[in-house]
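To start, the structure under review is shown below, and the notes come after it.
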Amino acid sequence: MKLFRKILTISALFFLICLLTFFGYYFIVTGNVSLQSEKLNFQEENIRVYDNEGAIINAVLPHGEARSISLQDVPEKTKLAFINTEDKLFFTHNGFDYKRMLKAILCNLKSGKFQQGASTISQQLIKNTHLSQEKTLKRKLKEWKLTKRLEKNYNKEEILEKYLSVIYFGHNCFGLNSASNFYFGKSVNELDLADSAVLAGLVQSPNNYSPFKNPQNCLRRKEIVLRLMQKNGSITEKEKQIALEKPLPTQPHVDNQLSSYMRFVFDEFSALSQEYDFTVGGRIEIHTYLDKNLQNAIENIANEYNSSDKNLTVLDAKNHGFKACVSTLGESRRLPGSLIKPLLVYAPALEENVISPATPILDEKINYAGYAPNNYDGTFHGYVSARECLAQSLNVPAVKLLETISVERAVEYLKTMQLPVEKEDYSLALALGGMKNGFTMKELLSAYSVFPNEGEYTPCGFISEIKIDNVCVYTKPTTVKTVFSKDTSYLMSDILKTTAKTGTAKKLRSLSFDISAKTGTVGVEKGNTDAYALSYTNDDVVGVWLGNGNNAFIDCTGGGTPCNLLLKINEFLYKNYTPTDFIKPMDVVEIALDKVSYEKERTLRLADEVSPIEYRFHELFKKACIPQTKSEIFSSPTIIQPNLSYENNKVVICFHENSPSFYQYKIERFDQNNNKTVYFGKRIERYTDNDVQANKKYVYTVTPLYGERTGIPIVLPSVSTYDIESSNNQEILDKNWWEY
């Protein structure tokens with residue numbers, strides 16, 4: 001018994017010490033913490049956005065004023081939507097929902113990770129307006145104290161009013177007034193149940209539940225909000241069904257008071273707040289890559305074309321930041337068309353050593369189990385080098401190469417560049433950009449940046465750094481993934497230079513420097529829906545897209561108006577300097593190839609050492625892929641055996657159509673007693689020997705010559721001029737007598 005009392009006393013003493021220690025720690029940590037009423041109201045100066053030179057960008061708030069609202073203007077169903085979703089016991093607790101907290105703790109312990117939170121509306125208001133971004137016990141203790149002060153100094157209506165005035169709804173919407181204007185084009189007092197369910201659903205994850213970025217997620221979240229409201233008796237089943245049937249908004253309902261660039265900044269800001277789990281509130285500083293002069297320039301260039309929607313974007317290839325952007329559709333996903341070919345087909349084929357730039361590919365009519373791609377011009381071009389196939393954006397060769405590499409293998413390269421492809425899109429049509437959802441311009445430019453960066457991919461973005469209440473909550477990652485080798489990247493860039501000089505992007509050839517480019521067009525028989533032009537140097541990646549949000553047809557292709565706009569952007573970018581050219585890796589070499597073998601036999605052979613300039617051409621190769629055979633067409637003249645016939649007392653020798661025209665030819669005639677050169681000169685289609693005598697047996701040889709080099713004589717079948725009737729009296733001749 002004494003032992004039990006002793007243990008009980010020690011335990012009580014230990015518990016008391018722990019309790020005193022906790023309260024001591026609590027008072028030390030929260031001693032200087034005080035509720036500041038001015039922070040409970042959103043102020044525009046709480047947000048600062050900076051350009052690439054550290055200057056503040058004006059006009060940050062786009063959607064009217066982000067002013068505080070009056071709770072009297074908020075419809076009852078709107079209030080209930082937020083309360084049922086975020087804090088159903090809001091009007092009955094003292095700032096903390098202990099039952100919900102315990103349930104969340106048990107759930108998190110069971111799952112082994114943090115899945116549920118239990119913050120009340122009061123706690124969320126404090127967290128968004130007063131506290132730093134640290135995820136520590138200190139912050140929770142401060143939150144606890146400030147929440148108690150908030151509940152003591154303000155009634156529930158005032159707390160809810162302030163909460164709805166400062167909460168973040170994504171797309172740079174702070175407060176319910178800003179959100180209702182942006183998403184629905186309404187004042188707060190005009191919101192209906194369906195609108196309220198969408199807005200209440202956004203609070204948990206504005207980026208994930210945006211109706212403009214993730215409509216399916218938004219629809220599911222809206223249904224959850226309405227189900228909670230119906231379950232808690234706030235609405236009837238009929239009201240829920242009516243609200244569910246109302247369509248989601250498809251585009252912002254405000255004038256474009258904010259530049260495209262700032263829209264992308266705040267869209268990225270919303271996504272990052274979710275990815276990096278920081279609270280949107282307090283004093284926010286966002287540092288961007290914006291180049292104001294360039295932004296003004298491309299806005300002026302974009303204004304020259306108003307026949308459709310458009311996207312003009314410039315990415316700094318060195319720091320991986322977007323420094324200018326104009327987009328009338330925001331961050332929309334569109335089918336990429338032929339813009340996908342270098343990323344999905346040609347660069348992987350180069351990387352896998354399936355092709356070199358000179359590799360001949362047969363452009364012909366094909367059919368893969370019912371899939372029969374055609375070229376844009378409706379014709380087939382026979383054998384074409386890989387370089388020209390891409391420069392002219394031929395479709396059939398791209399599909400053939402993808403079939404050789406395999407769709408699965410090629411898609412792995414896209415994934416490394418963060419270009420998502422759904423499993424249902426795995427088909428050969430992917431080579432031409434055939435897929436369900438497509439990519440954003442941001443994703444495409446980021447992927448193309450691997451080529452000027454020697455095959456290495458680094459995530460690209462509009463924001464370089466975010467600070468909240470002087471705490472850095474985000475710095476753009478500099479992680480690097482190797483997608484292609486330096487050799488492949490250089491070869492790809494060189495091929496795309498051809499596209500800009502003589503290919504589909506030849507409108508860029510007036511530039512005074514080398515530039516790599518690619519165009520793309522998406523359409524059907526009735527017309528085109530998307531047109532792209534993209535270029536890059538060592539310094540910048542530039543993209544232009546024209547199309548319509550409703551997929552209405554446009555009157556251009558990628559090589560037309562988009563290329564003209566692309567030219568103007570590049571002229572502005574490099575008006576004061578010339579970008580440096582790509583550095584050729586040591587393992588990439590220029591090789592002289594034999595033109596005759598290539599054109600006649602579709603074979604890659606090293607050029608003959610004595611071949612003249614006009615019969616050789618140069619192309620780039622990886623050292624590991626240099627052709628192993630060398631042509632001897634000039635050093636050892638060789639021809640296909642000519643055809644010989646004897647008709648009407650005449651001997652006719654016809655040369656094969658592939659007999660080189662650059663050879664000299666010597667034709668000799670032998671009989672049993674004599675030999676004579678009957679022809680010496682250039683290639684002719686046929687030679688006729690009229691000077692043959694009866695009752696003779698002749699043998700002809702044809703010898704090709706190039707300069708001082710003599711080829712091996714070709715002996716043609718013997719010719720007899722004996723009469724058949726007197727053939728028994730002919731002298732029997734030894735075999736090959738003409739050789740003695």
Side-chain angles (χ1 to χ4, degrees), residues 63-64 68-93 97 99-100 103 116-122 124-125 155-171 173-254:
H63 320 306
S68 298
I69 61 168
S70 171
L71 200 61
Q72 295 178 350
D73 295 330
V74 181
E76 188 64 25
K77 288 292 192 291
T78 304
K79 299 177 192 174
L80 291 172
F82 283 92
I83 291 172
N84 278 278
T85 306
E86 294 298 314
D87 187 3
K88 69 177 182 179
L89 299 179
F90 173 69
F91 283 105
T92 59
H93 63 59
D97 187 341
K99 183 178 179 181
R100 187 178 169 199
K103 183 179 178 181
Q116 292 189 11
S119 295
T120 63
I121 285 177
S122 301
Q124 290 182 48
L125 178 59
N155 61 41
K156 291 292 185 178
E157 286 74 14
E158 290 173 325
I159 293 173
L160 182 60
E161 182 178 89
K162 293 181 182 300
Y163 170 80
L164 294 175
S165 296
V166 303
I167 202 70
Y168 185 59
F169 290 90
H171 296 288
C173 296
F174 289 86
L176 189 60
N177 180 68
S178 177
S180 60
N181 273 282
F182 178 76
Y183 287 101
F184 303 105
K186 296 180 178 181
S187 299
V188 171
N189 59 5
E190 298 175 305
L191 293 172
D192 61 24
L193 176 59
D195 304 334
S196 303
V198 170
L199 294 176
L202 283 168
V203 173
Q204 185 182 84
S205 179
N207 180 68
N208 194 39
Y209 297 128
S210 167
F212 310 135
K213 298 182 70 175
N214 297 295
Q216 292 303 315
N217 290 352
C218 180
L219 196 61
R220 286 192 291 269
R221 183 64 178 163
K222 172 187 174 182
E223 185 177 358
I224 290 173
V225 173
L226 291 170
R227 189 168 67 245
L228 287 172
M229 294 182 72
Q230 192 267 333
K231 178 181 178 182
N232 294 329
S234 298
I235 59 173
T236 64
E237 177 67 24
K238 182 178 180 180
E239 287 176 314
K240 183 183 79 171
Q241 291 303 322
I242 293 173
L244 282 173
E245 291 172 4
K246 183 178 179 180
L248 296 174
T250 57
Q251 60 183 5
H253 287 69
V254 295

- Message: Tell me the closest heavy-atom pair linking Lys222 and Ala197, and the distance in Å.
- Response: CG-CB, 4.0 Å
- Note on the structure: Here the gap from Ile235 atom CD1 to Gln241 atom CD, rounded to the nearest 0.5 Å, amounts to 9.5 Å
- Heavy atoms, side chains only, cut-off 4.5 Å: are Ile69 and Val74 in contact? yes
- Check whether any side-chain N or O of Ser178 sits under 3.5 Å from a backbone N or O of Gly175 as a donor-acceptor pair, and report yes or no. no
- Contact summary for Asp195 and Glu190, nearest pair of heavy atoms: OD2-O, 4.4 Å
- Task: Of all the heavy-atom pairs spanning Tyr168 and Cys173, show the shortest one and how long it is.
- Result: CD1-O, 3.3 Å
- Hey, are Lys79 and Glu76 close enough for a salt bridge, meaning a charged N less than 4.0 Å from a carboxylate O? yes
- Query: Is the shortest heavy-atom distance from the side chain of Val225 to the side chain of Asn84 under 4.5 Å?
  - Reply: no
- Heavy atoms, side chains only, cut-off 4.5 Å: are Arg221 and Gln204 in contact? yes
- Note on the structure: The residue among Phe169, Phe212, Phe174 that forms ring-ring contact (aromatic ring centres under 6.0 Å, His included) with Phe182 is Phe212
- Message: Tell me whether Lys88 at atom NZ has more than 12 heavy atoms from other residues, nucleotides or ligands lying less than 6.0 Å away.
- Response: no
- About how many Å separate CG of Leu202 and SG of Cys218, when rounded to the nearest 0.5 Å? 6.0 Å
- Message: When you compare the side chain of Leu193 with that of Leu226, does any pair of heavy atoms fall below 4.5 Å?
- Response: yes
- Query: Side chains of His93 and Lys156: does their closest heavy-atom pair fall under 4.5 Å?
  - Reply: yes
- For residues Glu223 and Leu244, determine if any side-chain heavy atom of one lies less than 4.5 Å from a side-chain heavy atom of the other. yes
- Query: Does the side chain to side chain contact (heavy atoms under 4.5 Å, CB included) test come out yes or no for Asn207 and Lys213, once each step is laid out?
  - Reply: CA-CA 7 Å; Asn207 180 68; Lys213 298 182 70 175; 2.7 Å; yes
- Query: When the aromatic ring centroids of Phe90 and Tyr163 are compared, is their separation below 6.0 Å?
  - Reply: no
- Item | Between CD1 on residue Ile83 and CD1 on residue Ile121, distance to nearest 0.5 Å | 5.5 Å
- Note on the structure: Interatomic distance, CG@Asn214 vs CG@Leu219, rounded to 0.5 Å, equals 12.0 Å
- Query: Going from CZ on Phe82 to CD1 on Ile167, what distance comes out if it is rounded to the nearest 0.5 angstrom?
  - Reply: 8.5 Å
- Assess whether side chain to side chain contact (heavy atoms under 4.5 Å, CB included) is satisfied between Leu164 and Leu71, documenting all intermediate values. CA-CA 9 Å; Leu164 294 175; Leu71 200 61; 4.2 Å; yes
- Query: Looking only at heavy atoms, which two atoms of Thr78 and Leu176 are closest? And how far apart?
  - Reply: CG2-CD2, 4.1 Å
- May I ask you to decide if Ser234's main-chain N or O and Asn232's side chain share a donor-acceptor pair within less than 3.5 Å? no
- Note on the structure: OG (Ser122) and CG (Asp87) are apart, to the nearest 0.5 Å, by 7.0 Å
- Item | Closest contact, heavy atoms only, Ser180 versus Ser187 | OG-C, 4.0 Å
- Item | Closest contact, heavy atoms only, Ala194 versus Lys246 | CB-CD, 3.5 Å
- More than 12 non-hydrogen atoms from neighbouring residues, nucleotides or ligands closer than 6.0 Å to NZ on Lys231, yes or no? no
- Would you indicate whether the side-chain heavy atoms of His171 and Ser210 approach each other to under 4.5 Å? yes
- Take Tyr183 and Leu199, measure what side chain to side chain contact (heavy atoms under 4.5 Å, CB included) needs, and give me the verdict at the end. CA-CA 9 Å; Tyr183 287 101; Leu199 294 176; 3.8 Å; yes
- Query: Crowded around Glu237 CD? As in, over 12 foreign heavy atoms under 6.0 Å?
  - Reply: yes
